[in-house]
There are 2 protein chains.
Amino acid sequence: MDEERRFAEEVGVVLSGIGLPAAFGKLMGRLLICDPPQQSSAQLARSLGLSKGSVSTGMRALEQVGMVRRVPGAGRGHVYEMLPDALVRTVDARRVYLAIHALMQNGIDLLGGDESLPRAQRLRVSRDFYAFMAERIPQLIDEFARREGLT
Amino acid sequence: MDEERRFAEEVGVVLSGIGLPAAFGKLMGRLLICDPPQQSSAQLARSLGLSKGSVSTGMRALEQVGMVRRVPGAGRGHVYEMLPDALVRTVDARRVYLAIHALMQNGIDLLGGDESLPRAQRLRVSRDFYAFMAERIPQLIDEFARREGLT
DNA sequence: TGTATCGTTCAGAAGGTTTTGAATGTTAGG
DNA sequence: CCTAACATTCAAAACCTTCTGAACGATACA
């Protein structure tokens, strides 16, 4: 089944198109389509033509952002598997929203804290927008999870 | 007012923290806080300590993603100004959502198109999630725009 | 038309990131 | 204890991107 290889490859291309490492996307693509869902580092390296080092680095990154987890393997070592909410993580950038929110508030403070100043308007709207998103995106995600029965 | 310079600098740091070019963030930061809102390339280069080349490249990028527009200047040349919905653009990545949606559908097709297969479940949920987001994020943005009176 | 300012393009320099592969450590089973 | 497969780390190589600065082109005003 070399089509599966090409699928993972394609996910790599798309994700690298939005600024992520290619190996990251390939690994994600593989974990999306592989059977069984659990795969060892060696299997991933073989099926994707990546070095062990790249797999190690890539999987650590995927683990760190909470898209993948390690479980003890049947024999020796571990295997990796995608978490059910892996994709949700890609959209829930609350941390980023809040960082920008804080940045905008800084700017307003710099202008004397008077939000009614015309000059402060761009900053105020921006601040409010990111606050709005930080509140609403998680709600949206919850709604999807409930609808999909993912609890 | 060197604090304004530092503000732009700080926006640059935060945005480069999420993978964007530093110049991009600095320019955005400057356009958020500057007075008047319209600024020429030369002004931007001077106030940010960037080369003309960097400003040219950065502004072209900001224009291309629709965060900034060029308007004819009073004297010669043009000036740039932030668009009211500049920040909205940063969140409305519908194109990306739809690209991933298509990718997931590809994967399902590869498995024979049978969505009920356990093996296809990760792909199906992913596909549906991105479809959901592509539909809902714009609604969210509209809601904010209405609430804020931005039409 | 001449001049001065401004803007863009482009090639090279600088810097950073990813990928690799070898060395090292680890675990299971014989 | 020994072996074999596996996994991780790390330094070097390859690669890519950004930034700069000089050269070129354009525009407005005198």
Side-chain angles (χ1 to χ4, degrees), chain A residues 5 8-31 34 36 38-65 67-81, chain B residues 5 8-31 34 36 38-65 67-81:
Chain A
R5 166 78 178 269
E9 218 68 61
E10 187 65 21
V11 175
V13 169
V14 170
L15 293 212
S16 87
I18 58 175
L20 280 72
F24 196 93
K26 290 185 192 180
L27 289 164
M28 202 61 218
R30 181 74 195 134
L31 289 170
C34 64
Q38 294 81 21
Q39 298 273 304
S40 68
S41 285
Q43 285 176 313
L44 291 166
R46 264 196 304 274
S47 58
L48 292 169
L50 290 173
S51 73
K52 292 178 183 184
S54 292
V55 172
S56 182
T57 303
M59 292 313 289
R60 182 140 28 100
L62 284 167
E63 232 184 322
Q64 210 146 19
V65 296
M67 298 179 75
V68 151
R69 68 171 187 162
R70 283 162 69 137
V71 301
R76 56 194 150 281
H78 338 270
V79 290
Y80 293 100
E81 70 178 12
Chain B
R5 166 77 178 271
E9 217 68 63
E10 187 65 19
V11 175
V13 169
V14 170
L15 293 212
S16 88
I18 59 176
L20 281 73
F24 196 93
K26 290 185 193 181
L27 289 165
M28 201 61 217
R30 182 75 195 133
L31 289 170
C34 64
Q38 294 81 21
Q39 299 272 304
S40 69
S41 285
Q43 284 176 315
L44 290 166
R46 264 195 304 273
S47 59
L48 292 169
L50 290 173
S51 71
K52 291 179 184 182
S54 292
V55 172
S56 182
T57 303
M59 292 313 290
R60 182 142 25 100
L62 284 167
E63 231 184 322
Q64 208 146 21
V65 297
M67 298 178 75
V68 152
R69 67 171 188 163
R70 283 162 71 138
V71 299
R76 57 197 148 283
H78 339 269
V79 290
Y80 293 101
E81 70 179 13

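Quick note on labels: first sequence line is chain A, next is B, and so on, each numbered from 1. Keep in mind that this is a model prediction, so the values were computed, not measured.
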Rounded to whole Å, the CZ-C1' distance (A:Arg70 to C:dT27) equals 13 Å
B:His78 NE2 to C:dT8 C1', in whole Å, measures 10 Å
task = State whether the side chain of B:Thr57 and the backbone N or O of B:Gly53 hold a donor-acceptor pair below 3.5 Å, judged by distance alone.
result = yes
So the side chain to side chain donor-acceptor pair (under 3.5 Å) pairs with at least one residue in residues 12-29 of chain A (sequence neighbours excluded) are A:Glu9-A:Lys26
Here the distance between atom C1' of C:dG7 and atom CG of B:Leu62, to the nearest Å, is 17 Å
Between NZ of A:Lys26 and P of C:dT19 the distance, given in whole Å, is 8 Å
- Are the side chain of A:Ser56 and the backbone N or O of A:Lys52 linked by a donor-acceptor pair below 3.5 Å? no
Rounded to whole Å, the CZ-C1' distance (B:Arg46 to C:dC6) equals 10 Å
Heavy-atom closest pair (B:Ala23 atom, B:Leu50 atom, distance to 0.1 Å) is CB-CD1, 4.2 Å
When rounded to whole Å, the CD to C1' distance for the pair A:Gln43 and D:dA5 reads 13 Å
Given side chain to side chain contact (heavy atoms under 4.5 Å, CB included), test B:Leu31 with B:Met59 step by step and report yes or no.
-> CA-CA 11 Å; B:Leu31 289 170; B:Met59 292 313 290; 3.8 Å; yes
In 5'-to-3' order, the base (B), backbone-only (S) or no-contact (-) status of each nucleotide in nucleotides 9-19 of chain D, using a 4.0 angstrom heavy-atom cut-off, is B--------SS
side-chain hydrogen bond (donor to acceptor under 3.5 Å, both in side chains) filter on B:Glu81, not counting sequence neighbours, yields B:Gln38, B:Arg69
Whole-Å distance, A:Leu48 CG to C:dT18 P, equals 17 Å
Here the distance between atom C1' of C:dT8 and atom CD of B:Gln64, to the nearest Å, is 15 Å
